[in-house]
Structure formats: structure tokens, C-alpha cells
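Remarks on the structure that follows.
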Amino acid sequence: MIGDHYEVTVGPVAHGGHFVARLEGRVIFVRHALPGERVRIRITEESKRFWRADAVEVLESSPLRVEPPCKYAGVCGGCDFQHVDLAGQREFLGDVIREQLHQLAGLQWDGAVESVSDTGLDWRTRVTFAVDDEGVPGLRKHRSHDVVPIDECLIAHPDIPQVLGNRWPADAVEAITSTSGQSLVVADKPRGKLPKINAGGIMTGAGKQLRGKASVTETVREHDFRVSGSGFWQVHPRAAQTLVDAVLEGAQIRPGNTVVDLYAGAGLFTAFLADATGADGRVVSVESDVGAGRDARRNLHAFETVKLVNATVDEALASGACGAAADVVVLDPPRSGAGKSVGLIAALHAARIVYVACDPAALARDLASFAETGYRLESLRAFDLFPMTHHVECVAVLAAEPVSRDP
């Protein structure tokens, strides 16, 4: 029953920030534990197939365990691995990638998660805080709507606007800082006078500009990108540069190539792909979100070889807006993956596909689907762009298998 306590020995890591334990044959996904530990758990959820639980007391500790730096660790749902050092976190993330690739795609991966973060703290440049009934901002408990009021978040970048410590008559409040030093606050469904804080701009979640600017500028190498409101941008300050480098390395673009950039957002990859293809190349940039599409038009207006398509990936591919063929396809889909779009993407017959993924399970499912269309996994790199959490970013490079011909 929910709330009951048991003693269990913890097993391997599982996707989602849990570790697997078993009790009389039943699988239990346990948070805040480590492999080999003997812990006392409290059941938090039940289903016919498995239970979920929190470790509430460590009876036999793993040598991998460290003291969590944050006083809210284990209480709010923002972090999964504060009780593990960074090297251990990367090992567990690598184990999850390997397990998902093996189980869902029949692939073997012997790589390691690459280190991007120094301390694992002070990195998140975009933080959305929930707001309780009293207007106090905080973070939600794991798999719950309950808000834990907090006065600091250690993974938040120190330059985000200090929305904590104020009361917000809104459903949520997002604090944003950019690589150029600009800041923005987005209040979702405000219902009264908002507090005055030091920020470059304040706007509503619906896009109404209340004060200052409604966007920030992100700088990557020589390119600047406008990102409006809560528009998508990588939250680790080193993420955009890291992923651009990995994508270009995997894509092996040649001048004159035709490249299709799917789920292109504000145009991060598109700009660098256009640089690589040169004056004789062509880049088709596809994004369905209207706001991101507006930002992309602003960010990419100087690139004469870029075609912007504001449509879903399926609509763009099925309508022929991406052309009949491409040399390279780059895709950065949402957490759910490309799914049924795989067939349409494969129909472009690109020699290489570079897939940027934030969910190992979705990536593995899509790799299995791509394999059915004649693409093999050539390489995969993984990066710890979300330290203290179970999230990990991967860049997979797929190559088209040569068509066999009968003698």
C-alpha cells in the first residue's frame, strides 16, 4: 500500500532517475538510492506491474554516495542524482543509454558520457518555478502537482532574475538569462500586480510584453540568435556550442550540399549548416512553432541559401517543401522522438542523418525504425548537459547502408 515501508537491496540504474529493487518478485523503482545499498523505502505509487518508492533511510551505504549539496535534495522533484558525484552520474547515464539501445534497438554501445560541466551546479539558464496558492514560487515534488517552496536552487545559473523570495500572482514564473548577459521573466497567467525585480524584460506566458524586452540574445561563436519569451533554447550555457560542434563533426558537410534541418527551433543548427554548405549549397529549415519560426526568420535573414518552412515535420516532408532528396538530414525532435516521421525522413535518401536526442528510450526506438529503412548507427556521443538529473543529450550519426545488387 502507498505509504508502507520496506527494507530492500538496491540493484541497477533504470531510465528516469530510479534504481531497481525487488521485493517478493515485484519490481520497485526507487529514487535517491544506489546499487548495492540496503535501504528503507516508502511506497509512493502502485500499479499492477511495479511500484515506485523513495529511499527514506540508508541502512548500508554505497561508497559512491556523497552528501547532497542542496538542502532540498530528495524533497523537490528537480534533481535525481545529487547524492552521486559527477563521475558516478555519468557512469549511470551511460548505463541507461547502453540498456535502452540494447533492449529497444538491439545495438551495442561501448562509449562514455562526455563531461561538459565542472561542478554540476550553477548551470541552468532557464528555470520555470511553479507557484503555490499563496503566490510563493518553488518546484514541484516528483510526479506530483504539490509545490515545494524554496529560497534557492543550486543548479540555477546565478545570473537568472531573482524571482525567489517574491510573491507571484501567476500559475508559474520562468527566470531566464542568456549567454549575452540579458535576462527575462515570463509569468504564466498573471492575475495581479507583479513584483518589481531586476530583469531586462517581463512578459506573460501568452506573449504580452509587460516591461522591457520580450526576448534575449544567445551568442554561439560568431552568430547571435534572438529567442523570444519561453522559446526553446538549450539550458546549459555550454550546450549550444557543444552540440553544434558534434553535429558538424557528424554531418561531414561539403560545400554545395543540400541539408534538411528538422525541428529547427530558432535556427541554431541551420546557421552553422548554411555556413558549411556555402554559397552553392541549400539548407531547408523546418519548425512548426510560430514563435520559434518568427525568431528563425530574424536570425537567418542574412542567409540567402536557407529556406524556412513553418510547418510540422510530417507536413513539410509530405508536401515536398523539403525537396525530393538531401545529402544530409539533421533532426532535433522533442523528448518523444521522431516516431512515425522516420519513414518520411528516410525517404529523403540522405547519405547521413545526424540525430540530436534528449531521451535515450525515444532515440533507441527511432534508431530501430531507421534500421528498418536501411540506416545503421555509425557513431553516438553523449554529453552531461543536465547534471544532477537523469537527463542526457546524445548525438547519433546514421549512415545509409549501400544497396546490395544481384550479380
Side-chain angles (χ1 to χ4, degrees), residues 123-130 156-157 159-161 163 170-190 194 199-221 223-244 247 261-274 283 285-303 306 308-313 315-316 330-336 356-359 385-386 391 393:
W123 58 269
R124 193 173 182 98
T125 59
R126 292 171 173 260
V127 186
T128 299
F129 297 99
H157 194 285
D159 292 340
I160 67 168
V163 300
D171 285 0
V173 58
E174 182 180 9
I176 300 168
T177 187
S178 74
T179 49
S180 66
Q182 298 175 348
S183 62
L184 180 65
V185 171
V186 181
D188 186 35
K189 298 179 182 178
L194 300 178
I202 299 180
M203 62 184 300
T204 70
K208 182 180 180 181
Q209 191 171 343
L210 302 177
R211 189 186 313 156
K213 295 184 64 176
S215 65
V216 295
T217 298
E218 299 285 357
T219 301
V220 185
R221 292 189 189 171
H223 291 302
D224 290 336
F225 299 87
R226 184 186 72 184
V227 183
S228 300
S230 294
F232 175 77
W233 190 261
Q234 293 287 341
V235 295
H236 195 292
R238 299 180 187 172
Q241 176 79 61
T242 298
L243 295 175
V244 164
V247 166
D261 183 14
L262 303 175
Y263 314 95
L268 171 63
F269 296 135
T270 302
F272 292 95
L273 294 168
V283 181
S285 184
V286 179
E287 173 56 47
S288 62
D289 182 79
V290 174
R294 284 196 297 266
D295 285 341
R297 285 194 296 274
R298 169 65 178 79
N299 297 331
L300 303 168
H301 71 275
F303 292 94
V306 170
L308 296 175
V309 179
N310 195 203
T312 68
V313 166
E315 289 169 347
V330 174
L331 66 151
D332 184 6
R335 194 170 303 281
S336 56
V356 181
C358 60
D359 184 87
L385 297 180
F386 311 92
H391 301 293
E393 198 84 5

Closest approach of [X] and [Y], non-hydrogen atoms and distance?
X      : Y      : value
Gly293 : Asn310 : CA-ND2, 4.5 Å
Ile160 : Arg124 : CG2-O, 3.9 Å
Pro190 : Leu194 : CB-CD2, 4.0 Å
Pro161 : Ile176 : CD-O, 3.3 Å
Asn299 : Ala266 : ND2-O, 2.9 Å
Ala240 : Leu268 : CB-CD2, 3.9 Å

Are the side chains of [Y] and [X] in contact, using a 4.5 Å heavy-atom criterion?
X      : Y      : value
Trp233 : Thr125 : no
Gln234 : Glu218 : no
Val220 : Phe272 : yes
Val227 : Arg126 : yes
Tyr263 : Val356 : no
Val283 : Phe303 : no

What salt bridge (Lys or Arg N to Asp or Glu O under 4.0 Å) pairs are there with at least one residue in residues 262-273, not counting sequence neighbours? none
Could you note down all residue pairs passing salt bridge (Lys or Arg N to Asp or Glu O under 4.0 Å) where residues 230-242 supplies at least one of them, sequence neighbours left out? Asp118-Arg238
His236 vs Trp123 aromatic rings, parallel, tilted or perpendicular, using cut-offs 30° and 60°? parallel
Heavy-atom donor-acceptor pair, [X] side chain to [Y] backbone, under 3.5 Å:
X      : Y      : result
Asp171 : Lys189 : no
Arg221 : Gln241 : no
Glu287 : Gly265 : yes
Ser183 : Ala199 : no

Classify the side-chain pair Ser180/Thr217 by whether it contains a donor and acceptor separated by less than 3.5 Å. no
Rounded to the nearest 0.5 Å, how far does CD of Gln182 lie from CZ of Arg226? 11.5 Å
Among Val286, Asp332, Thr270, which residue satisfies the side-chain contact (heavy atoms from CB on, under 4.5 Å) criterion with Asp261? Thr270
